[in-house]
Structure formats: structure tokens, C-alpha cells
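Scroll down for the structure; my scribbles are underneath it.
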Amino acid sequence: MRTLAYGEWPSPIDAALTAAHDGHPEYVGFVGDEVWWTEPRPAEGGRRTLVRRHADGREESLLPAPWNVRSRVIEYGGHPWAALDGDTGPLVVFVNFADQRLYRCEPGGVPRPLTPESPVGEGLRWAEPLPLPERGEVWCVLEEFTGDGPTDVRRVLAAVPLDGSAAEDRDAVRELTDGRHRFVTGPKLSPDGRRAAWLAWDHPRMPWDGTELLLADVTPDGILSGVRAVAGGPGESIAQADWTRDGRLLHASDRTGWWNLYLDGQPLCPREEEFGGALWKLGSRWFTPLDSGLIAVVHGRGATALGVLDPETGEVVDAAGPWTEFAPTLAAHGERVVAVGASPRSAYEVVELDARTGRARVVGAEHDDAVDPAYYPEPQIRTFSGPDGRDIHAHIYPPHHPGCVAPGDELPPYVVWAHGGPTGRAPLVLDLEIAYFTSRGIGVAEVNYGGSTGYGRPYRERLREQWGVVDVEDCAAVALALAGEGTADPSRLAVRGGSAGGWTAAASLTTTDVYACGTIKYPILDLAGWGTGETHDFESRYLESLIGPLDEVPARYAERSPAAHADRLTVPFLLLQGLDDVICPPVQCERFLARLDGRRVPHAYLAFEGEGHGFRKAETMVRALEAELSLYAQVFRLDPPGIPTLELTR
């Protein structure tokens with residue numbers, strides 16, 4: 001065992017290895033008896049491919065580069081593909097990221113466009129395709145820009161001809177709804193095809209604030225008639241809806257303060273835990289009905305499990321296995337269930353559960369230890385006490401190395417991670433980016449601050465009109481508690497976050513003296529600008545709940561914005577930004593830096609061409625991660641081996 005200073009331990013987990021394992025399988029589905037899903041390719045420009053698992057277990061990438069199976073609907077995207085098994089092989093329908101057109105193809109064939117391009121604004125976008133070959137159509141969500149502004153947009157349910165007749169003709173796309181709602185999810189058809197259900201909501205609500213479950217009759221000629229709301233409202237969030245095999249309507253609602261399941265309006269399994277979540281991506285699935293009448297569910301409080309719910313008894317039996325977290329993607333075929341699960345010792349992988357036997361096994365994207373697992377962090381699930389005695393949930397990852405220890409009188413540096421959203425949550429799973437730091441002797445504290453999902457609606461709503469206050473206080477409370485108990489060095493604390501987490505990091509650096517430095521990734525920095533046209537439509541009025549209506553509390557927007565208080569920033573920081581980001585655009589960073597000009601605060605600004613909101617290219621992730629470690633090394637006076645020095649502007 002070697003004795004080396006914290007932050008200077010040699011690690012086999014380098015930035016290139018971390019980048020190569022970034023991202024995870026998503027959007028699982030069955031095509032006949034086969035399991036399919038999308039999977040990232042960081043080394044191929046960050047694209048996502050469609051993977052097919054053959055009956056013999058062989059995995060095949062169905063689309064070569066540069067095809068990129070990813071939708072931009074509401075910018076965060078949605079389920080981008082569907083396929084039907086046929087006599088001559090599967091018919092695949094998918095969204096291509098580059099042009100956002102809907103394509104059809106057969107494996108081995110050349111994709112052919114089904115939808116046109118549009119010269120208006122950001123064009124036409126599609127999500128949640130539902131092929132209906134008996135009608136010769138694919139039904140899906142259409143997002144259509146009507147002008148050049150980010151909020152010049154409408155969303156409807158639409159039917160696209162499968163014969164390609166709409167590839168150059170927008171008028172050949174048949175609209176199924178009238179656009180009265182700003183946001184809609186894809187339609188779910190009852191087993192007899194005579195009814196359709198979908199979710200809708202309107203500004204200024206976000207889907208976790210209030211949605212409506214809409215129901216319509218489907219006429220023989222494919223018209224949706226008699227549209228009516230059957231659940232939900234301004235203060236009730238419906239997260240998902242689907243049909244049981246015998247034609248009953250199932251949905252997840254948080255009317256009790258927790259997303260629980262309801263069958264034809266009646267509660268199935270009342271519990272203080274979540275059977276739903278924040279609908280950031282259209283097509284997220286926390287439950288799926290089985291042919292037997294049972295229901296596969298992703299559920300939990302904080303962490304999530306995969307289970308099978310018996311609607312007759314309300315009993316849930318969870319799948320046995322090492323997985324401690326499941327993503328909101330599920331599919332079923334008979335009594336087979338496919339999901340995506342992970343644990344602190346394994347990254348996300350495709351898991352199949354046999355609901356009859358309870359046996360679960362990995363069937364795709366199987367985790368493979370790229371390094372000795374002895375270098376993985378050993379997390380602790382902690383609850384801290386914050387201001388007013390409120391609970392704060394966090395995951396603590398102490399420094400960990402199988403062959404190194406620090407001098408006995410030294411306390412480790414720690415980086416507090418603020419997750420994005422802010423209506424989101426940090427899952428307890430193996431993340432090589434965390435291991436990159438902990439294996440070098442730098443601790444990480446992931447804080448699920450007030451406002452996070454997974455702990456009920458009251459916990460989520462702690463952030464209502466308190467963004468920039470509660471999140472900052474909770475992160476600081478965890479950092480100070482770690483220092484106070486002797487876990488972390490109080491003089492070597494840092495904060496980092498991306499997107500809304502970047503906001504929390506920047507707000508923490510400009511309103512507290514807790515941290516010695518920070519890393520701010522593709523952040524929100526100026527509320528007035530971001531809330532008046534600098535972001536996309538989906539979040540364009542998010543601030544009304546997070547801060548308050550701008551016309552009622554304009555001073556609060558300036559008071560909370562890090563850009564307005566750049567003069568208070570005294571510690572070094574790293575600012576990372578994608579130049580193609582339309583959610584948190586580069587102008588936010590540029591305005592912040594302009595207001596910092598002449599103050600001689602050490603910092604670096606790295607902006608990456610071809611990157612949007614969240615980095616996807618391997619070379620970008622390597623540069624960003626090494627730069628972040630170099631910042632901490634310089635501020636904390638560390639000498640990590642093999643890390644390029646980040647040049648700080650002073």
C-alpha cells in the first residue's frame with residue numbers, strides 16, 4: 001500500500017476510458033421475439049444507433065454512421081423509433097437527428113424519408129412513432145415550427161403515410177388533433193383500436209406540475225372524435241397512460257403527492273413511493289401491462305426497482321438481481337419484460353425479466369469491467385439536515401483506491417455535484433466520471449437537493465419560487481456537514497454542475513464562500529435573458545414556477561442571477577459550453593464573462609463546436625474532464641500524473 005497525497009493517486013480510469021463508456025442504452029422495445037434498443041456511440045461523433053438482438057444473442061447495429069436515431073422534439077427528445085415484424089423482415093420507422101425527418105427502412109436496405117423538410121424555423125420534428133400498417137400510416141407527435149423564434153411552434157398528433165407520399169408534401173400529413181394544447185405525448189390505442197389516450201399540458205405548467213389525460217374515440221376512417229379529459233388538471237401530474245390487454249385505462253398520477261397507479265380511475269397500489277417521474281422525454285415508460293393482467297413497474301423512493309404488480313392484490317414483487325436503479329424505459333411481449341438497469345458496480349445494461357418465474361438476466365449492452373472493479377467508488381446513501389431541519393438526500397463517494405492511502409493527518413478534497421433539471425435526480429449507479437475523481441483521491445458528493453424527483457411532490461415543490469436558494473443552501477449544507485464531521489477538507493471544497501446544475505454551481509460561487517473553485521457546464525446564468533427568448537419553447541416559462549412570474553417579481557430575476565453578481569465571484573472556475581446549445585445558449589456564458597472582465601479572477605472558458613446541451617463526442621468529453629481535474633489540481637495544490645495543465649486567464 002502506497003502513501004500518496006489525496007488527488008495524486010495513479011488511476012487506470014483516464015478521461016478516454018470515461019468518455020468511451022458515457023451514455024447508456026435507451027428506448028427498449030420488442031420486435032417480434034427480439035429485443036431492440038438505442039445505444040450511444042461516443043467515438044462516432046456521439047450518434048445513437050439502433051441495436052437488434054437476434055434470437056441467438058448476437059447484437060447488430062442496424063444503421064451505420066452517420067445515421068443518428070434521436071429526436072429533437074421539445075429539444076430533450078422522445079422515443080425515436082418503432083418496428084413491426086413482417087413476413088419479409090422487420091419494418092423500421094425512425095427519426096434521424098441531422099434532419100429530423102421520419103424514415104422507414106428494412107434491415108439491410110437504404111432508409112427512405114417519410115416526411116418532408118421545412119424551410120420554416122427549426123422545421124418539422126417527430127417522436128413516438130406508432131406504425132399502423134392496416135391504415136397505411138404511422139401515428140406520432142408532430143412538432144412544427146411556424147416561424148424563426150424558439151417559441152413559434154405548435155404540436156399535434158399526426159398520421160404520416162407509410163408509402164412515402166408525404167416525403168415532399170407536407171399536405172399529405174394528416175393531423176389528428178387541433179393544436180389546442182401546447183404539448184402532447186404520443187397516442188396509445190386500446191387493444192380493439194377504437195379509443196386513443198394521450199397526455200397534454202400547456203404553458204406555464206411543466207409536465208410534473210399539471211397534465212391532462214385525454215381520451216378520444218377512433219372512427220373507422222381514423223378520425224379522433226369526442227376528445228375529453230378523464231384525469232389530471234393544473235395541480236395533478238399524469239406521468240404516463242396505457243391500456244391493459246382487456247381494454248382498461250391505466251395511468252400514473254401524483255394526486256396524493258406520489259405518482260401512483262390508477263386503473264379506470266381507481267387506485268391500484270397506494271404507497272408513498274413513485275410509480276412515475278418527470279416527463280423530460282416523450283415516451284418515458286414507468287409501467288407496461290402484461291398479457292396476464294399483471295403490470296411491470298419501475299418504482300421506488302429515491303432509488304428505483306423493477307417489479308411486477310398484481311392489480312388484484314396490490315402486491316409488488318421485485319426482480320432479483322444486482323440492479324439498484326432502473327431507467328424509465330420498459331417494453332413487454334407476452335410475459336417477457338425488458339428494461340434498463342444499473343447498480344453502483346455496473347453501468348446501465350438491458351435486462352429481461354420473465355414475469356412468470358421472476359428470473360431476470362442481462363440480454364444486451366452487458367456491463368464489462370474496463371478496469372479492475374477494485375477502483376470503483378463505494379458510495380454511501382446519506383440524509384443530511386439542512387436549514388429549518390429539512391432533510392437533504394445525497395450520495396457520498398469517498399476517495400477510494402485499492403493500492404493507495406493518504407497521510408493520516410490529511411483530509412480529502414471533495415466536489416459537490418448538483419444534478420440538472422432542476423426537476424431531476426442523481427441515480428445511484430456506476431459512473432466512471434465519478435470514479436475518475438474518487439480513484440485519484442478526490443471525493444464526490446451528489447446532492448438530491450430540495451426540488452429533486454423520487455421523494456414525493458412536497459419535496460419536489462420545495463424549489464417552487466426558491467430556485468437559487470434551496471438548491472444552493474442544500475448543496476452548501478452537505479458540503480459543510482462533510483467538513484464538520486471530518487470527512488472533507490473545508491479548505492478544499494468545489495462545486496460542479498451542468499445545465500440547471502450549472503446554474504446551482506454558479507449561484508453557489510456568487511452567493512456563498514463555501515467553495516474554493518467550481519466547474520460550470522452549459523449553464524443558465526441570466527434569468528431575464530433565458531426567460532425572455534433565449535431558450536427553447538418547452539422550458540420558456542419554467543421560471544414562473546422556479547422563480548415567479550417575471551412581470552410580478554422582476555427584481556427577483558436580477559437578484560438570483562449569477563450574471564448579475566459576477567462582481568462577487570472571487571474563486572477560480574471553469575466554464576464549459578457547447579456552441580450549438582439551444583437550451584442554454586452560449587450568449588449566457590458570454591454575458592457572464594463580459595461582466596467579469598477586468599476582475600482578474602482565474603478562469604478558463606472552453607467552448608466546443610458541434611456540441612449541444614450535454615456533450616456527446618468522445619474528444620469533447622476527454623478535454624472537458626481533464627480540464628476539470630486540472631482546475632482542482634491547481635486550486636488544491638495537487639499533482640495528478642499525466643493530466644495536461646489547464647491555462648487559466650487571470
Side-chain angles (χ1 to χ4, degrees), residues 277-278 300-304 324-325 344 377-399 412-429 431 433-435 437-438 442-456 458-464 466-485 487-490 492-521 523-524 546 562 573 628 632:
R301 183 170 182 153
T304 53
T324 56
E325 187 76 38
E378 297 179 349
Q380 305 166 0
I381 301 173
R382 303 267 316 260
T383 301
F384 295 87
S385 181
D388 302 321
R390 63 178 184 249
D391 287 346
I392 306 168
H393 303 288
H395 304 148
I396 307 303
Y397 296 84
Y414 260 80
V415 183
V416 172
W417 285 26
H419 64 71
T423 309
R425 179 174 62 88
L428 187 69
V429 300
D431 184 340
E433 200 165 75
I434 293 175
F437 292 103
T438 58
I442 298 174
V444 171
E446 285 188 311
V447 182
N448 282 318
Y449 48 79
S452 300
T453 57
Y455 306 98
Y459 194 86
R460 255 185 7 251
E461 293 198 335
R462 286 184 187 177
L463 214 55
R464 184 167 290 275
Q466 294 298 310
W467 196 36
V469 178
V470 166
D471 50 323
V472 170
E473 289 177 347
D474 286 2
C475 287
V478 171
L480 293 174
L482 292 174
E485 69 186 25
T487 297
D489 184 340
R492 295 193 293 176
L493 298 171
V495 62
R496 73 101 87 157
S499 188
W503 153 274
T504 300
S508 297
L509 294 177
T510 54
T511 61
T512 78
D513 59 1
V514 173
Y515 308 101
C517 61
T519 300
I520 306 166
K521 303 165 62 179
I524 301 163
L546 292 174
F573 67 93
E628 183 177 355
Y632 303 149

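Keep in mind the model is a prediction, meaning the values are calculated, not measured. This chain uses plain numbering: 1 for the first residue, then up along the sequence.
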Least distance between heavy atoms, [X] atom then [Y] atom:
X	Y	result
D391	Y459	O-CE1, 3.6 Å
G389	S385	CA-OG, 3.7 Å
A477	G386	CB-CA, 4.3 Å
T324	L428	OG1-O, 3.6 Å
C475	A418	SG-CB, 4.2 Å

Does either side chain, that of [X] or that of [Y], offer a donor lying less than 3.5 Å from an acceptor on the other one?
X	Y	value
S452	H419	yes
Y414	T487	no
T504	D471	yes

Determine whether [X] and [Y] make a side-chain contact, defined as any pair of heavy atoms from C-beta on separated by less than 4.5 Å.
X	Y	value
S499	K521	no
W503	P523	no
F437	W417	yes
F573	T519	no
V416	L493	no
H393	Y455	yes
L463	P422	yes

| message | For residues 415-428, which residue pairs pass the salt bridge (Lys or Arg N to Asp or Glu O under 4.0 Å) check, not counting sequence neighbours? | response | E325-R425
| request: Answer yes when R462 and E473 have at least one side-chain N-carboxylate O distance shorter than 4.0 Å, and no when they do not. | output: no
| Pairing of E446 and R496 as salt bridge, 4.0 angstrom limit | no
| said: So, taking the atom named SG in C517 and the one named OH in Y632, what distance separates them when rounded to the nearest 0.5 Å? | reply: 6.0 Å
| request: Show your working on side-chain contact (heavy atoms from CB on, under 4.5 Å) between I396 and V478 and close with a plain yes or no. | output: CA-CA 10 Å; I396 307 303; V478 171; 4.3 Å; yes
